[in-house]
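Comments concern the structure below.
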Amino acid sequence: MKMPSILLDGLPVPFEDGQTIMDAAMAAEVFIPHLCHHPGFKPQGSCKLCTVKANGRYVSSCTMPAKDGMEVENNSPDLNDKRRTMLQMLFVEGNHFCPSCEQSGNCMLQALAYELEMLSPHFNQFYPNRPLDASHPDLLLDFNRCILCELCVRASRDVDGKNVFALSGRGLTKHLIVNAESGRLADTDFSLADQAAHVCPVGVIIEKRKGFAIPIGKRRYDVEPIGMQVERLGNRTATEEEA
Ligand code: SF4
Ligand code: FES
């Protein structure tokens with residue numbers, strides 16, 4: 001029986017029952033920009049970077065189930081413009097001073113800003129002043145770089161079974177907290193072996209004594225820009241059209 005498929009930027013992409021637009025795109029190596037999505041965890045749809053147009057409506061592709069024959073627009077100037085604005089908002093809400101951040105070159109936020117040609121932060125900087133937590137022997141937390149994606153929350157709760165992190169507050173005051181009476185990471189059972197220690201897409205959860213270990217030119221997004229798959233899709237479309 002023929003598998004159901006969506007039409008993603010004009011290309012048929014098959015999917016299995018229960019898959020989202022993001023799942024189908026990932027399986028077909030088509031890149032949809034995202035920050036809060038990770039294939040290992042339940043999607044939660046908070047960053048909105050993965051917004052696509054499905055049958056003419058803006059939807060989060062990481063939570064929207066794929067439907068047979070659905071026409072999905074992903075790599076378009078309109079969507080990329082909106083995604084760029086969302087990135088700019090994330091940049092000004094925190095202290096994302098890349099030249100002094102050791103995640104530079106390995107950071108999804110920075111890589112997406114490059115990919116979507118974000119040339120300036122555009123909005124006024126908030127300059128938050130959230131104290132760092134350096135209490136843990138192996139790991140450091142810089143809360144000023146948190147984008148509230150909750151990947152560490154989901155990893156610690158659902159995979160590590162520890163519940164070390166949570167989000168607290170509402171609206172502009174929403175922030176990441178450590179689940180200990182003292183609020184200090186050292187007073188939890190968090191460890192370097194936890195999945196939550198390695199899932200942060202930006203530079204909040206940092207391993208101590210290991211900074212700047214990868215030389216420039218060899219960092220993750222030096223080697224392959226985050227949107228490489230988009231280019232592959234472009235090539236595939238061109239080749240198919242030529243054929
Ligand atoms: S610390 Fe990192 S993984 Fe956790 S919510 Fe903030 S940005 Fe996401
Ligand atoms: S990746 Fe879909 S909302 Fe964040």
Side-chain angles (χ1 to χ4, degrees), residues 19-26 30-54 57-66 72 74 79-80 82-87 89-91 93-96 98 101-104 106-113 115-116 128 130-134 136 139-160 162-169 173-179 183 185 188 190 194-207 226-227 229:
Q19 283 192 313
T20 61
I21 298 174
M22 175 71 83
D23 295 333
M26 275 192 162
V30 175
F31 181 71
I32 299 180
H34 58 272
L35 281 170
C36 71
H37 183 66
H38 185 297
F41 306 100
K42 262 197 226 137
Q44 67 161 15
S46 65
C47 77
K48 300 297 171 218
L49 255 292
C50 72
T51 300
V52 294
K53 248 183 174 176
R57 278 181 56 221
Y58 293 109
V59 296
S60 304
S61 58
C62 68
T63 50
M64 176 57 88
V72 181
N74 167 40
L79 285 162
N80 287 336
K82 289 186 166 47
R83 291 164 178 161
R84 203 158 34 239
T85 303
M86 289 186 260
L87 287 173
M89 287 158 67
L90 285 171
F91 265 85
E93 191 275 336
N95 291 335
H96 298 282
C98 305
C101 176
E102 81 95 12
Q103 276 302 294
S104 187
N106 300 306
C107 168
M108 282 182 77
L109 180 69
Q110 183 195 48
L112 277 176
E115 173 65 25
L116 296 171
R130 304 170 196 133
L132 307 193
D133 181 344
H136 194 280
L139 292 134
L140 171 89
L141 298 179
D142 184 343
F143 296 100
N144 299 297
R145 301 174 186 152
C146 181
I147 57 168
L148 307 177
C149 71
E150 284 193 85
L151 277 170
C152 61
V153 177
R154 286 176 273 167
S156 185
R157 184 191 58 213
D158 303 340
V159 183
D160 305 328
K162 289 189 178 177
N163 232 354
V164 171
F165 299 102
L167 291 191
S168 176
T173 66
K174 195 164 184 175
H175 61 289
L176 184 76
I177 55 162
V178 168
N179 274 328
L185 196 60
T188 67
F190 196 48
D194 290 0
Q195 183 142 3
H198 307 281
V199 83
C200 182
V202 291
V204 182
I205 307 175
I206 299 282
E207 191 175 336
I226 199 165
Q229 295 93 332

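Note that these values count all heavy atoms, side chains included, but never hydrogens, waters or copies made by symmetry. We're numbering straight along the sequence, starting at 1. Just follow the structure's listing: the first ligand is 1, and inside any ligand the first atom is 1.
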Problem set entry | Parallel, tilted or perpendicular: ring planes of H37 versus H34, cut at 30 and 60 degrees |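 H37 vs H34 ring planes: perpendicular.
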Heavy-atom distance under 4.5 Å between the side chains of [X] and [Y], does that happen here?
X    : Y    : answer
S46  : E150 : no
V204 : C146 : yes
F41  : V159 : yes

Exercise. Which residues and atoms, protein N, O or S only, are under 2.8 Å from atom 2 (Fe) of ligand 2?
Worked result: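 Only C50 SG, C62 SG fall inside 2.8 Å of atom 2 (Fe) of ligand 2.
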Counting only N and O atoms by type, is there a donor-acceptor contact under 3.5 Å from the side chain of [X] to the main-chain atoms of [Y]?
X    : Y    : answer
Q44  : C149 : yes
D160 : Q195 : yes
R157 : A166 : no

Exercise. Partners of N95 by side-chain contact (heavy atoms from CB on, under 4.5 Å), sequence neighbours excluded?
Worked result: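 F97, Y127, P128, N144.
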For this session: Applying side chain to side chain donor-acceptor pair (under 3.5 Å), name anything that partners E207, two or more places apart in sequence or on another chain.
Result: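 Listed in chain order: nothing, the list is empty.
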Exercise. Counting only protein atoms, how many N/O/S atoms are less than 2.8 Å away from atom 8 (Fe) of ligand 1?
Worked result: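 If we list every protein N, O or S atom nearer than 2.8 Å to atom 8 (Fe) of ligand 1, we get 1.
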